[in-house]
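Below is one structure, written out as structure tokens; the observations come after it.
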Amino acid sequence: MAKNKAAPNRMESIVALCKRRGFIFQAADIYSGINGFFDYGPLGVEMRRNIKDAWWRDMVHRRDDMVGLDSSIITHPQVWQSSGHLDGFSDPMVDCKKSKNRYRADQLFFAKITVSGETLGYVSVMESETMEEDARKAADKLARKAGHAKADDFTLRDYTEADPSEYELIPSPATGEPGSLTPPRDFNLMFQTYIGALRDENAVAYLRPETAQGIFINFRNVTDSGRVKVPFGIAQIGKAFRNEINPRNFIFRSREFEQMEIEYFISPDEDVWPKIHRDWIETRLNWFESIGLPREKLGEDEHPKEKLAHYAKACTDITFEFPFGVQELEGIAARGNFDLTQHQEGSGRPMDYFDEARKERYVPHVIEPSVGVDRIFLALITAAYEEEELEGDKRTVLKLHPRIAPIKVAVLPLVKNKEPLVEKAQSLYRRLQRRWNVFYDASGAIGRRYRRMDEIGTPFCVTVDFDSLEDGTVTLRDRDSMEQKRISEEDLLVYLEEQIDP
RNA sequence: GCGGGUGUAGUUCAGUGGUAGAACACCAGCCUUCCAAGCUGGUUACGUCGGUUCGAUUCCGUCCACCCGCACCA
């Protein structure tokens, strides 16, 4: 993972641009901010919508085998019990302040060592096959130091069972010295909340850490109410929340983010999933390319078998070369029928599907393409950002795809103190505004206005000048090439439609 | 969460134990017949709380946030 030396500066410039032009703000920055949360400004919200709309249109509307869903954010706790998130997301951790090592508290074992009832101290070992012997050796060593042959028998307990008074006395496995271990701290990655006005412990619920489970728990609702037939997919766009231990890299890893997930249900035959898995990888790569991510910055990272969850058949990440390194953009997992089976057991409701063609029942398997809106946003904006040198002049430009750009067209009267120009420009502006998010700007020199639009990624500028009053043509200026051509209003509309709504 | 660094207009930077200036940006007006640079005027800042002090943006501490490493990332 080669790191670009200029990367930090590039990231800083992009973050500054996002703030300056109203794409992304630090959340609650008037109160000095809140770590891991972001607010999207007037341009950011447009771009976000464009990403989601493009995804929904291409993955749902333009396919025959997909339907949508919007499930609730606050979710029944049993959903997370069944899915495994409740257990998997809440490991208490212990830090050694001296060695800077971090341990899972339930994997760190300790014992109080005594000889004839007299306390000598504590020993600690990491969970392993030989931990009993290791602890015995350490205990006897402690005993010999104190002039005894052998320590009393002892029982190992894990660190979560330690009494708070013992934290100071248990040695760190790294240093062998006590006093450097912190109390076990819960790293519960799910946001907890309470349903109802009273804080009743029985009313605990969770903000979803992923949208996918909302799809699984509605599987029967969708198959019972729609006319879907395997293979088919359910798509969902929505916010998800994770208590990331350390959010980093701007919006790349944040605590509140938005996912676009698909659960694509397929037959359980073993020869089926590899091809469909592969198809989805290709579909998604092509989609990324279609919205303006350069192919050479996209990559595939296939998880090795031994790193997969026990139920998973395969998982391939689509990666992207961010300024801070190559990172995961989308995960495409073949999850077998683990989730439906879990919910079938957890809820007691059948999750099987009757395949009319095959005249048999089965619990479908699933391919899960899962991507973050915010990560796509960051990928797009970092890929689009350019600082160009133009004959001693500098131009900052966001080369965003017209489909993604927050403002599609700027309408500019060449000068603003000539009434007929302003009138004509405004009427064109009103006309385009019915269709797209467009912008009218009359202030300042024309070149300055072009550059302002470059910086926020507006792909087209249309300038109304004195010839426009004579023959009805306008100047169309292209953001990337900076070239201009004259075009009639009617041709302009056709051209813009082709470019903006492919 | 640990270690290091940082925190002054929107941005990039000055500066001082006696409460601050610039450039660019932005807004208004004038000018302007196609690529940021004209004229006039204007808005905007010492992250937070506390301590020391007659007085703190400045010194000290706390918290918050950001950046860089490490760890973490089901």
Side-chain angles (χ1 to χ4, degrees), chain A residues 3 7-9 11-13 15-22 25-38 41 80 83-91 93-104 174 180 182-190 209-210 242-250 252-255 307-310 312 324 327-328 331 388 390-397 412-418 421 442-455 461-470 474-479 481-486:
Chain A
K3 280 207 173 171
N9 282 335
M11 256 331 269
E12 275 174 37
S13 306
V15 173
L17 172 68
C18 283
K19 180 177 185 186
R20 179 157 39 93
R21 292 305 190 183
F25 309 117
Q26 164 95 55
D29 65 347
I30 62 168
Y31 293 106
S32 92
I34 176 164
N35 186 270
F37 295 90
F38 295 91
W80 309 113
S83 70
H85 287 79
L86 210 47
D87 295 328
F89 258 56
S90 58
D91 302 325
M93 306 292 284
V94 189
D95 288 307
C96 169
K97 286 181 282 195
K98 225 174 230 157
S99 68
K100 310 300 178 206
N101 283 336
R102 169 169 288 171
Y103 307 98
R104 271 178 55 174
S180 65
T182 63
R185 284 176 287 206
D186 259 332
F187 280 64
N188 194 330
L189 298 190
M190 279 200 292
E210 61 170 39
R242 295 181 194 181
N243 258 319
E244 296 290 352
I245 294 168
N246 193 353
R248 276 283 168 94
N249 289 327
F250 198 33
F252 181 79
R253 176 173 289 128
S254 53
R255 291 187 163 127
K307 282 197 148 185
L308 293 174
H310 64 93
F324 45 85
Q327 298 283 347
E328 176 193 340
E388 295 178 345
L390 309 166
E391 295 166 25
D393 191 15
K394 203 183 86 172
R395 180 171 89 121
T396 303
V397 54
L412 319 167
L414 186 58
V415 295
K416 74 169 169 183
N417 59 355
K418 299 288 187 293
L421 283 190
S443 73
I446 188 72
R448 173 192 291 275
R449 282 178 272 162
Y450 285 152
R451 298 300 177 85
R452 270 201 288 248
M453 287 299 118
D454 290 341
E455 205 180 29
C461 289
V462 175
T463 302
V464 175
D465 62 13
F466 293 91
D467 289 350
S468 310
L469 301 177
E470 302 294 319
V474 293
T475 303
L476 175 66
R477 183 260 194 185
D478 180 80
R479 176 196 63 202
S481 65
M482 297 171 68
E483 277 167 10
Q484 308 183 3
K485 63 179 176 191
R486 293 207 74 85

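Labels below follow one simple rule: chain letters A, B, ... track the order of the sequence lines, proteins then strands, and each chain is numbered from 1.
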Q. Side-chain donor or acceptor of Tyr31(A) under 3.5 Å from a matching atom on the base of rC64(B)?
A. no

Q: Write down the distance separating the C1' atoms in rC24(B) and rA37(B), rounded off to the nearest Å.
A: 11 Å

**Q.** C1'-based separation of rG15(B) from rU52(B) [nearest Å]
**A.** 23 Å

Q | Spacing of the C1' atoms in rC13(B) and rC72(B) (rounded, Å) | A | 37 Å

Q. Salt bridge check: are Arg486(A) and Asp465(A) linked by an N-O gap of less than 4.0 Å?
A. yes

Q | Gln484(A) side chain, from C-beta outward: closest of rU32(B), rA74(B), rC34(B) | A | rC34(B)

Find every protein N or O atom lying less than 3.5 Å from an N or O atom of nucleotides 39-46 of chain B, and list the pairs.
none

Q) For the side chain of Arg448(A) and the base of rA36(B), is some donor closer than 3.5 Å to an acceptor across the two? A) no

Q. Hey, does the side chain of Asn35(A) come within less than 4.0 Å of rC66(B)'s phosphate (OP1/OP2), counting only N and O?
A. yes

Q: Ignoring backbone atoms, test whether Gln26(A) places a side-chain nitrogen or oxygen under 4.0 Å from the OP1 or OP2 oxygen of rC66(B).
A: yes

Q: Using a cut-off of strictly less than 4.0 Å, decide whether Lys19(A) has a side-chain nitrogen or oxygen near OP1 or OP2 of rU11(B).
A: yes

Q: Go through rC66(B), rU32(B), rC35(B) for me and flag the one nearest to the Lys418(A) side chain.
A: rU32(B)

Q. Within the pair Arg242(A) and rC72(B), is there a side-chain N or O less than 4.0 Å away from OP1 or OP2?
A. no

(Q) If I pick the P atom on rG3(B) and the same atom on rU11(B), what distance separates them, to the nearest angstrom? (A) 29 Å

Table please: side-chain donor-acceptor pairs of residues 446-453 of chain A below 3.5 Å, with sequence neighbours left out.
from      : atom 1 : to        : atom 2 : distance (Å)
Arg449(A) : NE     : Gly444(A) : O      : 3.1
Arg449(A) : NH1    : Pro413(A) : O      : 2.8
Arg449(A) : NH1    : Asp441(A) : O      : 3.0
Arg449(A) : NH2    : Pro413(A) : O      : 3.3
Arg449(A) : NH2    : Leu414(A) : O      : 3.0
Arg449(A) : NH2    : Gly444(A) : O      : 3.1
Tyr450(A) : OH     : Thr463(A) : OG1    : 2.7
Arg451(A) : NH1    : Asp393(A) : OD2    : 3.0
Arg451(A) : NH2    : Asp393(A) : OD2    : 3.3
Arg452(A) : NE     : Asp441(A) : OD2    : 3.4
Arg452(A) : NH2    : Asp441(A) : OD2    : 3.1
Arg452(A) : NH2    : Ser443(A) : O      : 2.8
Arg452(A) : NH2    : Ser443(A) : OG     : 3.4

Q) Should Arg477(A) be listed as having a side-chain N or O under 4.0 Å from OP1 or OP2 of rC34(B)? A) no

Q) Between rC34(B), rA65(B), rG10(B), which one does the side chain of Ser32(A) approach most closely? A) rA65(B)

Q) Nearest of rA36(B), rG1(B), rC31(B) to any side-chain atom of Thr396(A)? A) rA36(B)

Q: Using the P atoms only, state how far rC63(B) lies from rC49(B), rounded to an integer number of Å.
A: 15 Å

Q.
Please pick, from rU11(B), rC34(B), rC73(B), the nucleotide with the shortest atom-to-atom distance to any side-chain atom of Arg20(A).
A. rU11(B)

Q: Return one dot-bracket line describing RNA chain B 5' to 3' (Watson-Crick or G-U wobble pairs, both distances under 3.5 Å; ( ) same strand, [ ] crossing, | another strand, . none).
A: (((((((..((((....[..)))).(((((.......)))))....(.(((..]....))).))))))))....

(Q) Does Arg248(A) contact rG69(B) through a side-chain donor or acceptor facing the base, at a distance under 3.5 Å? (A) yes

Q.
Suppose you measure atom P in rA28(B) against the same atom in rC64(B); what distance do you get, rounded to whole Å?
A. 41 Å

Q.
Can you tell me which nucleotide in rA65(B), rA74(B), rC34(B) comes closest to the side chain of Arg486(A)?
A. rC34(B)

